[in-house]
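The structure appears right after this line, and notes come after that.
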2 protein chains.
Amino acid sequence: MMETLQALAEPNRFQIVELLRDRPRPVGDMVHRLGLRQPQVSKHLRVLSDAGLVDVRVDAQRRIYALRPAPLKELEVWIERYRRIWEGNFQRLDGVLAELKAKEKKRGRTKRKSTAEKQRNIESNHAERPGGRHDPRL
Amino acid sequence: MMETLQALAEPNRFQIVELLRDRPRPVGDMVHRLGLRQPQVSKHLRVLSDAGLVDVRVDAQRRIYALRPAPLKELEVWIERYRRIWEGNFQRLDGVLAELKAKEKKRGRTKRKSTAEKQRNIESNHAERPGGRHDPRL
DNA sequence: GAAGAATATGTCTTGACAAGAATATACTCA
DNA sequence: TGAGTATATTCTTGTCAAGACATATTCTTC
């Protein structure tokens with residue numbers, strides 16, 4: 001899993017995987033399309049191979065690389081476990097409220113901010129660090 | 001997409017995301033559970049935030065981090081496009097055969113290896129580089 | 001307003017890794 | 001067997017990022 005992610009996190013390797021999605025390919029083909037030099041492609045393929053993401057067939061001097069499904073499937077299974085995060089709206093109602101409730105209990109009865117003031121502070125601030133770092137959709 | 005993968009590819013950040021899967025958490029909580037030092041956790045959170053993977057709520061001195069669904073959903077959509085690779089068995093029948101056929105055509109009628117010999121060469125060799133680099137399941 | 005708590009930021013060092021260049025290996029065909 | 005083709009490996013170098021440590025920032029409470 002970690003190994004899969006690390007392999008995919010490199011842009012050129014990601015492109016290689018994208019190329020292999022269509023069909024298996026010999027190294028030279030990818031060298032073309034990626035505009036990388038052959039040794040570099042071979043090295044990236046080595047990493048992908050070590051991660052179990054690709055599979056080689058030998059055809060004379062050529063090596064034909066193909067995707068192996070297992071790691072990608074594993075990744076998909078992992079991500080499925082996060083599904084509820086964008087389906088149900090757990091997070092807000094359960095987690096944070098419990099958090100806050102615990103806090104209320106801990107600090108005894110003392111002078112404290114009005115509910116309104118506290119609300120302001122607690123509000124989600126997507127736009128805190130400016131520079132459009134994540135899109136507002138969803 | 002690339003940014004998401006790069007963020008997740010670091011083991012500690014991956015763990016942070018796993019922690020946040022259950023519920024939003026303040027930084028100190030994660031510092032505990034991860035056994036990292038506070039500045040390190042803050043920096044990782046910064047990366048996750050820049051990648052749009054997490055979201056902050058300010059509660060007094062505390063920052064409560066929560067997962068944002070968008071990037072994960074995007075990742076899931078991406079991986080869905082690979083689904084056919086472990087469902088249909090395209091790869092073999094389509095891609096490689098076309099590849100070989102093209103090759104046959106290119107080289108004219110010359111003395112060449114018997115079909116049997118060629119078959120041997122072309123066989124998939126999972127076990128080429130020893131050391132169990134990928135599991136044979138699937 | 002001073003002390004303490006929770007978190008963020010800056011700087012430095014070190015290790016990992018990608019790219020480049022040169023070379024090795026393996027196969028084909030004449 | 002020798003030339004050519006396709007791919008892998010080795011070595012070096014530069015870049016970037018993670019960890020450690022010190023310090024800044026912001027809020028709370030007394």
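Naming: A, B, ... by sequence-line order, numbering from 1 per chain. Computed over heavy atoms, backbone and side chain alike; hydrogens, waters and symmetry mates excluded.
Regarding L45(B), its CG atom lies at a distance of 14 Å from the C1' atom of dT9(C), rounded to whole Å. For the pair H32(A) NE2 and dT7(D) P, the interatomic distance rounds to 11 Å; values are reported in whole Å. To the nearest angstrom, C1' of dA8(C) lies 7 Å from CZ of R63(B). The distance between atom CG of L36(B) and atom C1' of dA18(D), rounded to the nearest whole Å, is 10 Å. Atom C1' of nucleotide dA18(D) and atom CZ of F14(B) are separated by 18 Å, given to the nearest angstrom. Regarding L5(B), its CG atom lies at a distance of 15 Å from the P atom of dA17(D), rounded to whole Å. Summarising the geometry, the separation between CZ on R57(B) and C1' on dC27(D) is reported as 19 Å, rounded to the nearest angstrom. Atom pair I64(B):CD1 and dA8(C):P shows a separation of 12 Å (rounding to whole Å applied).
Here the nucleotide nearest the side chain of E10(B), chosen from dG4(D), dT9(C), dG19(D), is dG19(D). With dA18(D), dT7(D), dT28(D) as the choices, the nucleotide that has an atom nearest any side-chain atom of R13(B) turns out to be dA18(D).
Annotation: ring pair (Phe, Tyr, Trp, His ring centres under 6.0 Å) contacts involving residues 40-66 of chain A, sequence neighbours excluded, are absent.
Sequence order on DNA chain C of the closest nucleotides to V47(A) and Q61(A) puts V47(A) first from the 5' end.
A close approach under 4.0 Å does occur between a side-chain nitrogen or oxygen of Y65(A) and OP1 or OP2 of dA8(D). Residue H44(B) has no polar side-chain atom (N or O) positioned under 4.0 Å from OP1 or OP2 of dA17(D).
No donor-acceptor contact under 3.5 angstrom links the side chains of Y82(A) and E87(A), judged on distance only.
Applying the side-chain hydrogen bond (donor to acceptor under 3.5 Å, both in side chains) rule to R37(A) yields no partners; only residues at least two apart in sequence or on another chain are considered. Applying the side-chain hydrogen bond (donor to acceptor under 3.5 Å, both in side chains) rule to Q6(A) yields no partners; only residues at least two apart in sequence or on another chain are considered. Residues that satisfy the side-chain hydrogen bond (donor to acceptor under 3.5 Å, both in side chains) test with S42(B), not counting sequence neighbours, are Q38(B). Applying the side-chain hydrogen bond (donor to acceptor under 3.5 Å, both in side chains) rule to E80(B) yields the partners R83(B); only residues at least two apart in sequence or on another chain are considered.
Of the possible polar contacts, one joining the R25(B) side chain to the L19(B) backbone as a donor-acceptor pair under 3.5 Å is found.
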Please enumerate all protein N or O atoms sitting under 3.5 Å from an N or O of nucleotides 21-25 of chain C, with distances to 0.1 Å.
unit_1  : atom_1 : unit_2 : atom_2 : d
dA21(C) : OP2    : R37(A) : NH1    : 3.2

